[in-house]
Amino acid sequence: MRRKKSSRTIFRDLYDVIEGTLQTRLLATARECGRHWDDVNAKQESITGRLQLLVSEWEGFEAQREELVVLLADMDVHLSEVDQLTGNTCEKLKQLQVWGCFDMTYI
C-alpha cells in the first residue's frame with residue numbers, strides 16, 4: 001500500500017525539480033555568456049591592434065609632413081634670396097647648390 005505524500009513533501013519535491021532546472025539553465029546561460037564575451041574580447045583586441053597600427057602609420061606620415069613643411073619653407077627662403085641676387089640663371093643655380101637645395105647632377 002502506497003502512502004500518501006503530504007502537501008509539504010509535494011511542494012518540497014516540486015521546489016527541488018524547479019531549483020535543479022533553474023540551476024542547469026543558469027549554468028548553460030553563464031557558459032554561453034562566457035563564450036560570447038570571449039568572442040567579443042577577441043574581436044576588440046583585433047580591432048584595437050589594427051587601430052594602433054593605423055595611428056602609428058598616421059603619426060609617421062604626420063612627422064614626414066612636418067619635416068617637408070620645414071624643408072619647403074627653408075627652400076622658399078633660399079629661392080627668394082637667389083631671386084634677389086644679380087647674375088644669370090646659371091650663377092643662381094650654383095648658389096642654390098651651395099645651399100644644398102638642388103642636386104646639380106641632373107642639370
To the nearest 0.5 Å, tell me how far Leu51 CG sits from Ser46 OG. 9.5 Å
Any salt bridge between Lys43 and Asp39, counting N to O under 4.0 Å? no
Step by step, work out the side-chain hydrogen bond (donor to acceptor under 3.5 Å, both in side chains) result for Gln84 and Ser80. CA-CA 6 Å; Gln84 302 300 319; Ser80 296; over 6 Å; no
Test item: Thr24 side-chain N/O and Gly20 main-chain N/O as donor-acceptor pair under 3.5 Å: yes
Other cluster members, Val69 - Ile/Leu/Val/Met/Phe/Trp/Tyr, side-chain contacts below 4.5 Å: none
How about Gln52 and Ser56: does a side-chain donor come under 3.5 Å of a side-chain acceptor? no
Interatomic distance, CG@Leu27 vs CD@Glu32, rounded to 0.5 Å, equals 13.0 Å
Determine the sole option in Thr48, Asn41, Ile47 for which the side-chain contact (heavy atoms from CB on, under 4.5 Å) test with Glu45 is passed. Asn41
Interatomic distance, Leu68 atom CG to Met75 atom CE [nearest 0.5 angstrom]: 10.0 Å
What residues, two or more places apart in sequence or in another chain, satisfy salt bridge (charged side-chain N to carboxylate O under 4.0 Å, His left out) together with Asp76? none
Does any pair with a residue in residues 50-66 pass salt bridge (Lys or Arg N to Asp or Glu O under 4.0 Å), and if so which ones, sequence neighbours excluded? Glu62-Arg65
